Amino acid sequence: MALLSFISLFSVTQKFNYWIVKGILFWKNSNLTLKVIWTITILFLLLFIVFFFVLVFSRIIKNFEAKKEARLRMLFQSPFSTYLFDEAYKDLLIERDTEKVIQLFGKKNLERKKRRRILRKELISLHKSYSGEIAQHLEFLFLLLGFDQDVLFKLKSKRWNIRSSGINEAAQMNVAKLSSYILHQTNDKNPIIRIEAQVASVKLNSQDPFLFFGKLEYEISDWDQIQLHDALQSIKVEKIPCMDNFLDSKIDSIIIFALKIIGYYSQEAATDKVIKCLSHSNDKVKIQTIRTLGELESSDCLSVLMFELERNKSNKLILIETLKSIENIGILEENIGGIVSFLFKDDYDLIFYATRVLQTNPSGIKFLNQLINDVEVETSKIIKYAISFEN
Amino acid sequence: MSNWLDYILYFFNTGIFIFSVVITLSYVILGVFSAREMIHYLHKNSFVDYRQILSSPFAPSLSIIAPAYNEALTIIENVKSLMALHYNNFEVIIINDGSKDETLQKLIENFELTEIPFAYNEQIETKTVRGVYKSNIASWKKLVVVDKENGGKADAINVGINISQNDIFACIDVDCILEQDALLKMVKPFMENTDKRVIATGGVVRIANSCEVEDGKISKINLPKNFLARTQVLEYFRAFLLGRMAWSRLDGLMLISGAFGFFDKEIAIKVGGYNHNTVGEDMELTVRMRRYMEEQKEPYLVPFIPDPLCWTEAPETNKILSRQRNRWARGTIETLMIHKKLFFNRKYGVLGLLSYPYWFFFEWLAPLIEFSGILYFTILAITGHVNWIFCLSLLGLVYSFALAHSLFAIIFEEFTYHMYKKPSDMIRIIITAIVEPVLFHTRTIWWSVRGNYDMFTGNTKGWGEMTRSGFDKKKKKK
């Protein structure tokens, strides 16, 4: 039986060898084009096989890692709740007993790189769900476990994504001792690092959150402004600085952002400086100034805006923004004459917004009701639509 | 005469080979660019908190424009789904494009709509608007329903643009399912740039066949059971993740899907809105807007968002799929013909030197060349002039490349969004990749050739009917 199998194996090997030899001869006798085509085909097939194995193994590894991470997360739940809610750990803020905390979370978990990373991630994610005293406890735990050093290590990385994630973690966990280090990065040439550092600076330097504006050499995008405003909301309203200092910045987007903040927090003390921005050469700044004046809602602002209507008769965009801002404040009887002229323009938007403005005053409404039947059909339609329009 | 024959023979023997090499190389290069762009995108957005946009008073306002034609069966659920999207300041404009069914009546009844005294600001010329309706209920205040004469999808969207109150508008197919944070993610690029104006953003459209849908949201993602739909999943991986991502990095994106795209209203109006004389109105508008910006010498961007945000039902039958592909082919030709001035025109930068020629040679001509190659091969085979070794080797090369390319696209998906988690899904998509070049690609070539034929013989059928089996129905089946 064994002999029989040996013979059959021998014959198979012989057959195989025969085909190999035939293949080599065929290759040798073929022209260069065919050889190139076959080589590339084999390469693509190998690539297909490599991709297949990458796909399979990455899935196996990913699943294994996910399970391990989930297990560790479960494991860390108990020490976290002990740390936060157990009476024995209540005085830790005064005692600063690092050993006790290390013991609680397990030395092994803090020494092994992967476990340490998961623990840090878990701590940060837990911090997101809490505010007040518990959040402060977690920030303190972050320092006790030495995670600030991990963040510092990330901040020194040459890879922008690691650096920016380090800055992000420092800001989230309120690691104030890294603030001066982060402040240097607020003017980084990489836009992601720059905005992360700016957001972190706002959160970590509540005394002077926009200190970096003085040295900033880059514009801040609308998205950056949203993030900065969001960061600013972590500071108590009374501590938010008056933004009028930034209205003469060389960077237009800083002026726009300052104007937005002035309007949002109704920083009336800045009104005079805001009005000066109306003569700015950049139309975007001008438009934001008009919007801010509308938000400040003072009678000074109204008269300035009425004057702007006269001054910018040829700039439709500015006229519309001005009308919108005036609508926000509301007009006095003496202003009606200045608005009415827009109802007779051959422009849909101007008629529409002028009607909206007139509606803010009882005499204006009366005037509109009288006028509605005396104007052209199209104008009358626009007026009726503007009257019924709800934002 | 013999000279001409020589040329034809030379073209088929050498020209097609060179063409294949160039197209293969272009896929490889696009793959590399795509990978770089994807890595950058994922790193950049790894710790972005999109809720900041949701709560910010500084976020821009949006108008969602969704045309509806004979959608009575699903319109209520679709509108509710759009209204439930996460965004602070937006309006939903539904354009009833002269539906013959009860689309408008259903909307009026369900959302308690009343006609308002509306003055139509016709910035883009459109068919007559019959009326504008708004709801009396506070929770539906964001909804605007416009009833108009039938004029096709492009005309309906143009009405929406005229009516919208905001600077950015989103064009969405009413039957698409959007992820809850879709608006937040799509609007972000409009705010990110300080030196260039973002004129449009495009998003990935994913296939929802066999997925489970609950309350207008995708609750469970499954790979389609139907072979044609599954092949389109693979096709979409390649087109969106490998193709458009790369074009986004090269700043040469020419197509933003009509199913899900965001546009700068000012520029869209300046260029005259959607063109209702083409079936590829989405591509045509993108190209026209880009062309306008190039001519004005204004710096601009058209970014692409790879996150899976929009889900749509793909055709599952040959008949419907052939209509869709026929329309795509005609739309491509029409757009390329309207903007022929761009062809290798340095004045238009990447658009003229790269994107347009790429679409011309590899999107329009490639299926025609492939088809003529097959025809040529058949003639040679019949006449006994085939060099079988060379022919089979070449076929093997093309097939092995198609396999590697598809698997690269699958890996791309696996390492980025990993939407299909079941191991069986992975195996099925790999099997699909193995059989697709023979069982599916050949069909798409034929449909594209038919599209070309219809285009040049004037046998145009407009959009053609797209019958959908509906997501809800699928769920009940389960």
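Source: prediction; values computed, not measured. Chain naming here is simple, since letters A, B, ... match the order of the sequence lines and numbering starts at 1 in each.
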A cation-pi test, strictly: NZ or CZ of A:Lys381 under 6.0 Å from the centre of the six-membered ring of B:Phe118 and no more than 45 degrees from its axis. Yes or no?
no

Chain B contact via [X] - side chain, backbone, both or neither, heavy atoms under 4.5 Å:
X        : answer
A:Phe51  : both
A:Ser165 : both
A:Tyr218 : neither
A:Ile192 : side chain
A:Glu196 : side chain
A:Ile220 : backbone
A:Ser164 : both

Under 4.5 Å from a heavy atom of chain A, the part of [X] involved:
X        : value
B:Ser20  : neither
B:Ile430 : side chain
B:Leu407 : both
B:Lys421 : backbone
B:Phe415 : both
B:Leu394 : both
B:Val398 : neither
B:Ser393 : both

Please assess B:Glu122 against B:Asn162 for the test side-chain hydrogen bond (donor to acceptor under 3.5 Å, both in side chains), listing each intermediate value before the final yes or no.
CA-CA 6 Å; B:Glu122 198 171 14; B:Asn162 284 337; 5.5 Å; no

What about A:Phe352 and A:Tyr385, are their ring centers closer than 6.0 Å?
yes

Which word best sums up how the rings of B:Phe58 and A:Phe257 line up, parallel for under 30°, tilted for 30 to 60°, or perpendicular for over 60°?
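B:Phe58 vs A:Phe257 ring planes: perpendicular.
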
Under-4.0 Å salt bridge between B:Arg197 and B:Glu266
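Salt bridge: yes.
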
Pairing of A:Asp349 and A:Lys316 as salt bridge, 4.0 angstrom limit:
yes

Sidechain-backbone polar pair: A:Asn31 side chain, A:Leu34 backbone, donor-acceptor under 3.5 Å
yes

Taking the side chain from B:Ser34 and the backbone from B:Leu241, do they hold a donor-acceptor pair closer than 3.5 Å?
yes

Minimum heavy-atom distance between B:Glu414 and A:Lys62, given as atom pair plus value:
O-NZ, 2.8 Å

